Amino acid sequence: MIEIIKLRSNRNSYIKSLEKRGIEKIEKKLEELINLDDDRKSLKTELDKLLTDSNRIAKEIGQIIKSGDDNKISDLKTKSTQLKEETKKISEELKNREIDIKKILVNIPNIPDKRVPEGNSENDNIKILKNDVNINTKENLKPHWEIIKKFKLIDFDNGNKIAGAGFPVYTNNGAKLQRALINYFLDEASKNGYVEIQPPVLVNNDSGFGTGQLPDKEGMMYKIEDENLFLIPTAEVPITNIYRKTIIEKEKLPIKNVAYTPCFRKEAGSWGAHVRGLNRLHQFDKVEIVQIEDEARSDKALEEMCNYVEGLIKSLEISYRKLLLCAGDLGFSSSITYDFEVYAPGQKRWLECSSVSNFKTYQSNRMNLKIKNEKSKALAHTLNGSALALPRIVAAILETHQGDNEIKIPEVLHKYTGFNKINL
RNA sequence: AGAGGAGUGGCAGAGUGGUCGAAUGCGGCGGUCUUGAAAACCGUUGUACCGCAAGGUACCGGGGGUUCGAAUCCCUCCUCCUCUGCCA
C-alpha cells in the first residue's frame with residue numbers, strides 16, 4: 001500500500017506517477033483519500049477525549065467505593081453510561097472511516113520508479129540488452145511441443161486425464177531435466193548467498209494480502225474453499241510473508257532467501273495457439289529469490305539480482321534479452337521491474353522466464369515489516385525475482401539445442417542430469 | 001479427530017474485577033567503579049495512533065460480549081502442550 005503520510009507531502013508527484021500507469025480519475029481518488037484521513041484524525045482526537053473522561057470517572061468510582069461513600073456513585077455511573085453511548089457512536093464512525101480508507105488504498109497500485117518509461121502495453125517496454133549470439137539459425141526448427149512428443153519428455157494427455165489442461169506429467173528424461181534444473185538453480189543461489197528454504201505451498205488470507213495478491217488478484221489463485229487457503233502463484237508469497245509483522249535489525253541485512261516451489265495459476269481466459277506446450281501452465285516449477293533491504297540499498301540489490309539472473313540464463317547457452325517494463329505493463333505491487341525473456345527459435349518467439357522487481361515499501365507497508373537501526377525504524381524494501389521459472393527455460397533449451405536425433409544438454413547441467421544429451 | 005491443559009513485554013515468569021502498560025529475574029542500552037574486563041551498584045529499556053507541544057488513547061494469542069471499570073468474568077476462533085485415535 002502507498003503511505004498516506006508520503007502522499008500528503010508528495011501529492012502532485014504521486015498523481016503524475018500514477019497517471020503514468022493509466023489509472024483514471026486518480027487525482028480525485030487521492031484527494032478523497034486525504035479528506036477521509038483528515039476525517040479519521042479528527043474522529044480519533046474526539047474519541048480519545050471521550051475515553052479520557054470515561055477512564056477518569058471509572059477511577060473516581062473506584063476511589064469512592066474504597067472510601068465507603070457509596071451515595072455519589074450513581075450519578076457518576078449515569079454520566080459514564082452516557083459517555084459510553086457517545087463513545088460507541090464515534091468509535092463506529094472511526095472504524096467505518098478506516099474501512100473506507102483501506103478500501104481505496106488497497107486498490108491503488110505502487111508508485112512507478114522515475115526510471116519506468118511511459119507506455120500502455122508490452123510494446124512500450126524498453127529493451128535493455130539482447131544477447132542473441134547463440135540463436136540457432138537452422139531452418140525448420142521444431143517448436144518444443146513437437147520435440148517433447150518425439151523424445152517422450154512430457155505426457156500432456158495423462159496430465160489432462162489426471163488433473164486437466166495445463167497440468168503436465170514430466171516423464172523419464174523430461175522429469176530428470178526438470179529435477180536437474182531445480183537443483184542447479186538452488187545450488188547457484190546458495191553459492192550467491194541466498195539461504196535456501198522450503199515454504200508451504202498453501203497460504204492464508206493475510207499472506208495473500210501482504211504481498212499484494214489479495215484482494216486485487218484473487219482470481220489468479222486457486223482457493224481451497226473449506227479451509228480458506230490459497231495455492232501459491234509464486235514462492236514470493238510464502239517467503240516474503242515469513243517476515244510479515246517483524247522488525248529486522250539493520251545489521252542483519254540483507255535478508256536473502258531462495259526456494260523452489262511448484263506454482264499454481266488459474267490464468268483464466270487466454271487459452272489458444274500461443275499458449276501451447278509449456279508456454280503457459282496451471283502448475284509449473286519455479287525457483288524464486290527474495291531479498292529484503294533498506295531504502296539505501298534496494299536499488300543496488302535490484303541490480304545485483306538482475307545480474308545474477310542474467311548469469312544464470314547465460315550459463316544455459318540460450319539467447320535472451322532484458323526489458324525494462326513500462327508503466328502500463330508494470331505489476332500492481334511493483335515500483336520497477338525488469339523482465340528477462342529467452343528466445344524459442346522453434347516458435348520464433350521470446351518467452352518471459354524471469355521478472356525481477358523492487359516493491360520498495362509497498363509490500364512492507366501491507367505486512368508491517370520494518371528495519372530498525374540505532375535511532376529509528378522504517379519500512380523495509382522488498383524485492384524478488386524468478387531464478388528461474390522452469391517451463392519456458394525448458395522450451396528454450398529444447399528448441400535451441402534440438403537436433404534430428406538428439407537434444408544437447410547445456411554443459412552446466414551435465415552433472416545434474418547425468419547425461420549430456422537426450423537421444424531418441 | 002476426541003478428552004484435558006495452556007497462551008502475559010526480547011526471554012523467563014507474577015498478577016483472577018479498580019490506583020496494571022503490567023511485579024520480579026535474565027538479557028539489551030547508558031553510567032559509576034577499574035589500567036582494561038568481570039562482578040557490584042545506579043539509571044534506562046514495547047508497538048501503533050491522535051496532538052505544535054504538554055499530554056492522551058489503544059494493545060496481556062485474534063475477534064466479540066458483560067461491567068461505571070477487564071490481563072482478570074462470558075462467548076467464539078486460532079496456536080501450542082499432554083493423553084487417546086489415525087497416518088506418510
Side-chain angles (χ1 to χ4, degrees), chain A residues 1-9 33-106 198-210 214 224-230 238 241-253 255 262 294 361 363-380:
Chain A
M1 286 187 298
I2 61 166
E3 299 157 72
I4 295 187
I5 295 182
K6 283 191 191 165
L7 164 65
R8 283 176 179 278
S9 49
L33 208 46
I34 291 173
N35 289 337
L36 284 169
D37 195 47
D38 286 338
D39 215 12
R40 190 200 111 243
K41 286 183 178 188
S42 63
L43 283 168
K44 168 77 175 156
T45 308
E46 199 177 339
L47 177 66
D48 281 357
K49 271 184 199 151
L50 290 170
L51 286 171
T52 308
D53 288 348
S54 297
N55 288 344
R56 204 196 62 238
I57 292 173
K59 271 178 196 168
E60 271 176 45
I61 292 174
Q63 258 152 15
I64 291 170
I65 288 174
K66 227 174 198 180
S67 64
D69 189 1
D70 289 8
N71 297 334
K72 298 174 191 162
I73 291 178
S74 75
D75 272 3
L76 286 171
K77 278 193 184 177
T78 314
K79 181 126 191 257
S80 183
T81 308
Q82 280 171 357
L83 271 177
K84 207 190 167 184
E85 270 170 45
E86 237 176 300
T87 305
K88 204 172 174 184
K89 201 182 108 209
I90 301 293
S91 98
E92 257 166 42
E93 264 184 68
L94 177 62
K95 214 176 193 173
N96 285 334
R97 208 61 73 251
E98 281 166 351
I99 291 168
D100 293 341
I101 289 169
K102 198 157 185 191
K103 252 188 213 159
I104 298 178
L105 220 43
V106 297
Q198 203 178 77
V201 297
L202 287 165
V203 293
N204 59 26
N205 239 288
D206 287 348
S207 296
F209 178 80
L214 293 175
I224 316 286
E225 289 290 347
D226 296 346
E227 307 285 342
N228 230 336
L229 291 169
F230 298 86
N241 273 284
I242 289 172
Y243 305 98
R244 171 153 47 88
K245 286 188 185 171
T246 58
I247 297 170
I248 299 169
E249 287 179 32
K250 198 179 171 182
E251 305 87 67
K252 301 232 168 98
L253 296 177
I255 304 279
D294 62 10
T361 60
Q363 292 181 327
S364 64
N365 190 30
R366 287 185 156 222
M367 48 188 175
N368 201 3
L369 162 58
K370 296 191 169 169
I371 306 293
K372 179 178 139 190
N373 63 23
E374 314 78 47
K375 291 176 198 163
S376 62
K377 283 183 213 62
L379 289 172

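All chains are named by letter (A, B, ...) in the order of the sequence lines, taking the proteins before the strands, and each is independently numbered beginning at 1. In what follows, every heavy atom counts, from backbone to side chain, and hydrogens, waters and symmetry copies are set aside. None of these values were measured; they are calculated from a predicted model.
For the pair A/K49 NZ and B/A58 P, the computed distance is 16 Å after rounding to whole Å. In this structure, the CZ atom of A/R56 is 15 Å from the C1' atom of B/G55, given to the nearest Å. Rounded to an integer number of Å, the gap from CD1 of A/I4 to P of B/C49 is 11 Å. The nearest whole Å value for the distance from the NZ atom in A/K252 to the P atom in B/G28 is 14 Å. Rounded to a whole Å, the CG atom of A/L47 is 14 Å from the C1' atom of B/G51. Regarding A/L51, its CG atom lies at a distance of 16 Å from the P atom of B/C68, rounded to whole Å.
Counting non-hydrogen atoms under 4.0 angstrom, A/I61 reaches a base of the nucleic acid. Across all strands, A/K370 comes closer than 4.0 Å only to sugar-phosphate atoms, never to a base (heavy-atom distances). Heavy atoms of A/N368 sit nowhere under 4.0 angstrom from any nucleic acid atom. Looking at heavy-atom distances under 4.0 Å, A/K44 makes contact with a base. Heavy atoms of A/K377 sit under 4.0 angstrom from primed sugar atoms or phosphate atoms, though from no base atom.
Looking at the side chain of A/R40, the nearest of the listed nucleotides B/C68, B/C50, B/U47 is B/C50. In the set B/C68, B/U57, B/G64, B/G64 carries the atom at the smallest distance from any side-chain atom of A/K95. Closest to the side chain of A/D48, from the set B/G56, B/A48, B/C50, is B/G56. In the set B/C68, B/G56, B/U47, the nucleotide with an atom closest to the side chain of A/T52 is B/G56.
B/U32 and B/A40 make up a base pair, with Watson-Crick or G-U wobble contacts both under 3.5 Å. Under the Watson-Crick and G-U wobble criteria, each requiring two contacts below 3.5 Å, nucleotide B/A58 is paired to B/U47. Searching all strands for a Watson-Crick or G-U wobble partner of B/G4 with both distances below 3.5 Å returns B/C81. Across all strands shown, the partner of B/U24 is B/A12, judged by Watson-Crick or G-U wobble contacts whose two distances both fall under 3.5 Å.
Mapping A/D37 and A/L76 onto RNA chain B by nearest heavy atom places A/D37 at the nucleotide closer to the 5' end.
The separation of B/G18 from B/C73, taken at their C1' atoms, amounts to 15 Å, rounded to a whole angstrom. Separating the P atom of B/G61 from that of B/A71 is a span of 10 Å, rounded to the nearest Å. Across B/G4 and B/U72, the matching P atoms stand 22 Å from one another, rounded to whole Å. For the C1' atom pair drawn from B/C20 and B/C60, the interatomic distance equals 10 Å after rounding to whole Å. One P atom belongs to B/G27, the other to B/A38, and the distance between them is 12 Å to the nearest Å. Using atom C1' as the reference point in both B/G13 and B/C83, the two lie 27 Å apart (nearest Å).
Dashed line: the shortest gap from a side-chain N or O of A/N55 to OP1 or OP2 of B/U57 is under 4.0 Å.
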